[in-house]
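Reckoned from all heavy atoms, side chains included, excluding hydrogens, waters and symmetry mates. Per chain, numbering begins at 1; letters A, B, ... match sequence-line order.
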Amino acid sequence: MPELPEVETIKRDLETTIVGLCFTGVTLHWPRMLQNLTPEAFNRRLISQCIDGITRRGKYLIFQLSNGETLILHLRMSGSLRLDTACSYDPYIRAIFGFDNGANLYFRDPRKFGMIWLVEDEKQVVGKLGPEPLDQDFTSDTLKSILKNHTAPIKAVLCDQTVIAGIGNMYADEALFAASIYPARKADSLSNDEIKRLHCTLDTVLKKAINSGGASISDYRRPDGKSGEAQFVFKVAHQLGKKCDKCGTPIERIPIRKRGSYFCPKCQRKND
DNA sequence: CCCGGAACCTGAAGGC
DNA sequence: TGCCTTCAGGTTCCGG
């Protein structure tokens with residue numbers, strides 16, 4: 001499930017491979033991915049545009065086009081982007097972007113949740129997102145002012161894209177474990193010390209995952225088809241029943257807002 | 001405004 | 001073994 005570190009990894013991989021290339025056409029096997037245009041209009045506006053640059057906002061991948069417009073992709077649950085040619089007959093390829101050097105970029109997405117936009121202004125899509133957790137100006141005080149306004153469970157607040165952009169189920173669990181905070185705690189009940197710890201662990205958990213090339217839980221792959229490695233350093237996410245790294249207690253899972261939340265019942269106590 | 005729940009999808013996993 | 005149900009997950013939309 002691609003979250004901030006996975007999308008950042010894809011962005012960096014594609015920056016070295018497809019920036020400067022120009023689109024020659026798009027084949028859509030699942031047109032419902034298009035969020036704001038018909039396939040015909042989408043093709044018409046994309047063809048002959050070149051990729052000036054690639055950026056990321058939250059979990060959104062943003063391609064700056066030479067005409068000033070913006071192509072935006074969201075991988076949702078099961079999406080991945082591939083530059084390898086071996087996947088042309090893969091039944092889960094939903095879209096194929098062709099380039100003027102003969103290369104193809106494949107959008108693979110078994111569950112068909114992925115989304116594609118072509119817009120004049122990226123704010124039409126990413127305008128409501130909260131701040132980037134890895135930005136210089138996302139300080140402990142920023143986090144503090146955000147959390148004091150929310151009574152929902154801290155885990156749910158961390159995963160709310162309009163509050164902070166890019167954090168999902170896996171990295172919320174990892175950051176809360178590293179900060180020794182029970183995931184169902186109300187966000188506005190965290191102490192100053194806990195907020196400082198959480199700010200610190202969000203930074204380290206996300207950066208460590210980026211340095212590992214993202215986590216290949218489920219269908220995530222890098223554009224060259226390789227897996228990420230971040231799942232191997234997960235302490236709690238998808239580790240149900242395994243012994244906690246710090247104390248040996250088996251990792252448990254509880255639903256928060258219907259989402260599986262992994263934690264150590266001893267290191268992350270309800271009343272700390 | 002805030003919350004909860006359904007919908008979107010399909011492969012995997014669990015139940016009998 | 002095999003059919004059937006449930007679950008997982010991010011985002012959007014709808015209702016209370």
Side-chain angles (χ1 to χ4, degrees), chain A residues 1-10 28-37 56-62 72-81 87 90-95 107-117 119 122-130 132-133 146-176 183-189 206 209 214-221 227-228 230-231 234 236-242 251-263:
Chain A
M1 304 127 219
E3 302 180 24
L4 186 156
E6 287 73 34
V7 181
E8 179 67 23
T9 298
I10 293 167
L28 295 159
H29 295 307
W30 187 249
R32 274 204 255 171
M33 297 180 103
L34 295 180
Q35 300 300 299
N36 69 324
L37 291 173
R56 178 194 58 75
R57 183 80 172 86
K59 304 172 190 172
Y60 295 78
L61 195 59
I62 302 172
I72 304 181
L73 307 183
H74 195 300
L75 302 173
R76 297 287 281 276
M77 313 292 305
S78 62
S80 60
L81 297 175
C87 52
D90 183 325
Y92 300 121
I93 300 298
R94 308 301 181 194
F107 194 147
R108 183 180 191 273
D109 187 18
R111 296 191 191 176
K112 300 178 174 175
F113 279 1
M115 301 189 288
I116 301 173
W117 297 260
V119 292
E122 69 178 54
K123 284 193 171 53
Q124 293 169 249
V125 178
V126 298
K128 282 186 268 185
L129 293 178
E132 287 289 325
I146 286 171
L147 297 186
K148 74 179 181 197
N149 295 322
H150 294 270
T151 58
I154 180 65
K155 162 75 182 287
V157 174
L158 290 178
C159 292
D160 185 336
Q161 302 303 297
T162 66
V163 176
I164 304 169
I167 299 166
N169 220 24
M170 298 185 297
Y171 296 105
D173 284 354
E174 288 299 311
L176 288 168
R185 285 268 304 282
K186 285 175 180 278
D188 63 358
S189 78
L206 292 172
S216 290
I217 300 286
S218 174
D219 296 279
Y220 168 78
R221 290 293 184 283
S227 297
Q231 69 276 18
F234 279 176
V236 289
H238 298 94
Q239 308 298 309
L240 182 63
K242 294 185 185 162
I251 300 302
E252 295 182 9
R253 187 176 73 176
I254 55 168
I256 295 177
R257 293 278 208 276
K258 302 272 180 161
R259 300 291 176 241
S261 301
Y262 299 85
F263 70 106

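- The CZ atom of A/Arg253 sits 10 Å away from the P atom of C/dC7 (whole-angstrom rounding).
- Judged by ring centres under 5.5 Å apart and planes tilted less than 30 degrees, A/Phe113 fails to stack against the six-membered base ring of C/dT11.
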task = Check the pair A/Tyr60 / A/Gln161 against side chain to side chain donor-acceptor pair (under 3.5 Å), numbers first and verdict last.
result = CA-CA 11 Å; A/Tyr60 295 78; A/Gln161 302 303 297; over 6 Å; no
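- Between the side chain of A/Arg56 and the backbone N or O of A/Gly58, at least one donor-acceptor pair lies under 3.5 Å.
- For C/dT11, the OP1/OP2 oxygens have no side-chain nitrogen or oxygen of A/Arg259 closer than 4.0 Å.
- Nucleotide C/dA8 holds its P atom 22 Å from the CG atom of A/Leu75, rounded to whole Å.
- When rounded to the nearest whole Å, the span between CZ of A/Arg94 and C1' of B/dT10 equals 9 Å.
- Distances shorter than 4.0 Å separate none of the side-chain N or O atoms of A/Arg32 from OP1 or OP2 on B/dC8.
- The distance from atom CG of A/Asp109 to atom P of B/dG11 is 12 Å, rounded to the nearest whole Å.
- Considering only side-chain atoms of A/Arg257, the nucleotide from B/dC3, C/dA8, C/dT11 that sits closest is B/dC3.
- Closest to the side chain of A/Met115, from the set C/dT11, B/dT10, B/dC3, is C/dT11.
- Atom CG of A/Asn149 and atom C1' of B/dC1 are 13 Å apart (whole Å).
- Per the geometry, OH belonging to A/Tyr92 stands 11 Å off C1' belonging to B/dA12, to the nearest Å.
- For A/Gln161 and A/Lys258, each mapped to the nucleotide of DNA chain C holding its nearest heavy atom, the one lying further toward the 5' end belongs to A/Lys258.
- When distances run from any side-chain atom of A/Lys112 to the nucleotides B/dT10, C/dT11, B/dC3, the shortest one goes to B/dT10.
- Residues A/Val157 and A/Ala187 approach most closely at CG2-CB, 3.8 Å, considering heavy atoms.
- Atom CG in A/Asp90 sits roughly 14 Å away from atom C1' in B/dG11 (whole-Å rounding).
- Where A/Thr151 and A/Trp30 each meet DNA chain B at their nearest nucleotide, the meeting point lying more 5' is that of A/Thr151.
- Rounded to whole Å, the distance from CD1 on A/Ile254 to P on C/dC7 is 17 Å.
- In this structure, A/His238 reaches the sugar-phosphate backbone alone: every heavy-atom distance under 4.0 Å involves primed, P, OP1 or OP2 atoms, never a base.
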query = When you look at A/Lys59 and A/Glu3, which way does the salt bridge (Lys or Arg N to Asp or Glu O under 4.0 Å) test go after all the steps?
reply = CA-CA 6 Å; A/Lys59 304 172 190 172; A/Glu3 302 180 24; 5.5 Å; no
